[in-house]
J.: 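Quick one: this structure, given as C-alpha cells, is what I'll be asking you about.
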Amino acid sequence: VIATYRPDQAAVEKVFVNVNPQSTLLLGQARGAAISALVHGGLPVAEYTALVKQAVVGHGKAAKEQVQHMVVKLLSLAGAPSADAADALACAICHAHGGQGLGMLATAGIAFAAAA
C-alpha cells in the first residue's frame, strides 16, 4: 500500500479495551504490525483515540452507519465504504483537521471510490 499510493504520513487509532480479551490482543498485534510497516516505510505516524468519530459526525459515540454516511459526504465518494474502512477514513479526516489540510484527502477519496 505504501509503495502503491506513496503517502507522506499515517494516522492510526489507538487500541480500545474490548469485552473480549482475545480480540483485543489480536487487534493490538495487527496494529503493531501496521505501525512497524509504516515506520519501516519512513512515515511519521500519528495516533488518535477511537473518538475520531467526533471529527466527522460531531460526537464520539456515533453509530458506524453515521460514520459511513458522513465519510461519503465529506469525501464525495460514489458509494459507502465498509464500516472498518469508514473508521479508517474518519481517522484520516481527523488527522487532516489537525493541521494537515483536507486538500490531500480529496484525491485519496477518489482513489478509494475507484477501488471500491
Side-chain angles (χ1 to χ4, degrees):
V1 171
I2 294 169
T4 301
Y5 296 105
R6 301 190 182 278
D8 56 15
Q9 53 192 294
V12 296
E13 272 190 81
K14 292 183 178 181
V15 175
F16 60 93
V17 177
N18 195 323
V19 293
N20 182 336
Q22 183 65 25
S23 295
T24 302
L25 179 62
L26 292 173
L27 177 61
Q29 290 171 339
R31 184 176 172 277
I35 291 172
S36 294
L38 293 167
V39 170
H40 182 72
L43 297 174
V45 178
E47 294 182 284
Y48 296 93
T49 68
L51 296 180
V52 296
K53 296 173 182 177
Q54 186 167 354
V56 296
V57 178
H59 60 91
K61 303 291 184 182
K64 293 218 178 256
E65 296 81 16
Q66 290 175 300
V67 175
Q68 287 172 297
H69 176 76
M70 287 305 298
V71 164
V72 167
K73 292 290 186 191
L74 290 169
L75 298 178
S76 300
L77 300 177
S82 70
D84 290 334
D87 283 348
L89 289 168
C91 191
I93 292 167
C94 181
H95 185 62
H97 284 185
Q100 304 305 315
L102 286 175
M104 297 178 80
L105 288 180
T107 55
I110 293 166
F112 178 81

J.: About how many Å separate NZ of K53 and SG of C91, when rounded to the nearest 0.5 Å?
T.: 12.0 Å

J.: Which heavy atom in V72 sits nearest to a heavy atom in P81, and how many Å separate them?
T.: CG2-CD, 3.7 Å

J.: Quick one: pull up CG in L89 and CG in L75 and give me the separation to the nearest 0.5 Å.
T.: 6.0 Å

J.: Supply the atom-to-atom distance N20 CG to L26 CG, rounded to the nearest 0.5 angstrom.
T.: 8.5 Å

J.: Are there over 12 heavy-atom neighbours, none belonging to H40, within less than 6.0 Å of that residue's NE2?
T.: no

J.: What heavy-atom pair brings L43 and P7 nearest, and what distance separates the two atoms?
T.: CD2-O, 3.0 Å

J.: Of all heavy-atom pairs between R31 and V12, which one has the smallest distance, and what is that distance?
T.: NH2-CG2, 4.2 Å

J.: Please name the residue in the list E13, H95, K14 that meets the side chain to side chain donor-acceptor pair (under 3.5 Å) test with Y48.
T.: H95

J.: Between CG of D84 and CD of Q68, what distance do you get to the nearest 0.5 Å?
T.: 9.0 Å

J.: Show the nearest heavy-atom pair for residues G41 and I2, with the distance to one decimal.
T.: CA-CD1, 4.4 Å

J.: Can V57 be reached from V71 by stepping across I, L, V, M, F, W or Y side chains whose heavy atoms are under 4.5 Å apart?
T.: yes

